[in-house]
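First comes the structure, then the notes that go with it.
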Number of protein chains: 2
Amino acid sequence: MPADRPPTRIQKKNRAAILEAALNVFSAQGFRGATVDQIASEAGLSKPNLLYYFPSKEAMHNALLERLLDTWLDPLRELDAQGEPLEELLGYVQRKLQMSRDYPRESRLFANEILQGAPRIHAALTQELKALVDEKVAVLQGWMDQGRIAPVHPYHLIFSIWSLTQHYADFDVQVRAVLGEKDPFATAPDFMETLYRRLLTP
Amino acid sequence: MPADRPPTRIQKKNRAAILEAALNVFSAQGFRGATVDQIASEAGLSKPNLLYYFPSKEAMHNALLERLLDTWLDPLRELDAQGEPLEELLGYVQRKLQMSRDYPRESRLFANEILQGAPRIHAALTQELKALVDEKVAVLQGWMDQGRIAPVHPYHLIFSIWSLTQHYADFDVQVRAVLGEKDPFATAPDFMETLYRRLLTP
DNA sequence: TCCTGATTTGACCAACTGGTCAAAGTCACG
DNA sequence: CGTGACTTTGACCAGTTGGTCAAATCAGGA
């Protein structure tokens, strides 16, 4: 484990390579299913070398989760209380859908963690996540009270956006099995737009 | 491994206990995360005793998945081409939501399997599942063509029902972290009804 | 070029895990 | 109540896995 002086060029490169490989393996196999050897070979390093950069398998996992949570909440943070309500919401939906398309591994890593009961990020869920959602729900409720979007249960509205969009990353295999050759992401944005427009237009 | 004559009283009891325990453990930890010892102690039996009834850990998992897929598709099978379109669809949504409430372990077992790329049930997805969905999509398309429900992409419509309803089982921890004390299932049915009524009313 | 700290690795270990097996115990029925 | 089939288990094994360590190698500034 290198000293705590500024990271060297090699440290930066290897740490990044390890996290990249770890993301591949953890998102595909889950925490217990992943082995340090797998991650090592995926990263092109030896196992002891990995453990020189991260003190344990769990440390790699934690590093990924930590980085993830922020990224994951960004699209919601961008929801602007000053904007046009319906457009803001539709924008949020599309941003979230894009994340499923562009970062499916991150989505699956997160899904794996939640499925197992979120042992490592439960605190973050009840604190940062809940706080952010509560804040944005207040905005939504305001819009509904003003009649600018149709009234619906605001928490379930947000859950619905999460589940619908993440479904295309997390259940990718199933979606593709049913759809055959067709690309889900070609038609999904349009469906989402229709759905939320009809649901929320006052 | 008992002979293939009709199962004895003890066999029935123990096999059921094992599958029940295995469902608990697999759904909470995933296949790789679960250990035979865990399942054994949960079932109140010794490990060699488990392996007397099932030849391997994988056999227990397979037995669960096999039983699951049928149950899982039942709500969709019940969708009746002769019924009143909107009511049929709303009924399907509510049945699926009830399954998430009443069988969260099964939902998580399924989610785990799909997340890992469905290694064990991929064939079933592209065959039975796809066939059933294709059939029901034809029914939906018919209703849309007749103007009896609003036109939307029928496959995405079905995906949306799956993801929305299963979300409450698979992401239970997250939902409860955000909602606090409140019971998600108290308000979810009403939200779903509103959503699909607005989406599908012509 | 030399030196010091950073990096890499082969060999190894202890714990865990899925699975085996022979022997012991139990059940049900003639 | 005896007997053959069914059930249970303690002891064990081999493969895997996370992690350690001392020794070897490398990078770059003086």
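Only a predicted model underlies this, so the values are computations on that prediction, with no experimental measurement involved. In what follows, chains are A, B, ... by sequence order, proteins preceding strands, each numbered from 1.
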Residue-phosphate contact under 4.0 Å: A/Y52 side-chain N/O, C/dT8 OP1/OP2: no
C/dT8 P sits how many Å from A/Q11 CD, rounded? 10 Å
In terms of ring plane angle, is the pair A/F159 and A/H156 parallel, tilted or perpendicular, where the classes change at 30° and 60°? perpendicular
Determine whether A/E20 and A/R105 satisfy the following criterion, salt bridge (charged side-chain N to carboxylate O under 4.0 Å, His left out), listing intermediate values before the conclusion. CA-CA 10 Å; A/E20 170 72 13; A/R105 296 174 306 170; 2.9 Å; yes
Just N and O in the side chain of B/R9: are any of them under 4.0 Å from OP1 or OP2 of D/dC6? no
Rounded to whole Å, please give me the gap between NZ in A/K57 and P in D/dG19. 8 Å
Nearest whole Å is fine: how far is D/dC26 P from A/K13 NZ? 14 Å
So B/A59, base contact, sugar-phosphate only, or nothing? Heavy-atom distance under 4.0 Å. nothing
Minimum side-chain heavy-atom gap A/K57-A/T35 below 4.5 Å: no
In whole angstrom, what separates B/Y53's OH from D/dT9's P? 10 Å
Euclidean distance, atom CG of residue A/L51 to atom P of C/dC12 [Å, nearest integer]: 19 Å
Is any side-chain heavy atom of B/F31 closer than 4.5 Å to a side-chain heavy atom of B/E58? yes
Atom CG of A/D37 to atom P of C/dC13: distance rounded to whole Å? 17 Å
N or O in side chain of A/R32 less than 4.0 angstrom from C/dT17 OP1/OP2: yes
Of A/P48 and A/G33, the one whose closest nucleotide on DNA chain D sits nearer the 5' end is A/G33
Are any of the side-chain heavy atoms of B/Q38 and B/Q29 separated by less than 4.5 Å? yes
Below the 4.0 Å mark, does C/dT8 have OP1 or OP2 next to a side-chain nitrogen or oxygen of A/N14? yes
Spacing of A/N49 atom CG relative to C/dA6 atom C1', expressed in whole Å: 11 Å
Give one of base, sugar-phosphate or nothing for A/A34, where a contact means two heavy atoms less than 4.0 Å apart. sugar-phosphate
Measure from the side-chain heavy atoms of B/T35 and tell me the nearest of C/dT8, C/dG19, C/dT17. C/dT17
Please report the distance, rounded to the nearest Å, between CG in B/L50 and P in C/dC21. 18 Å
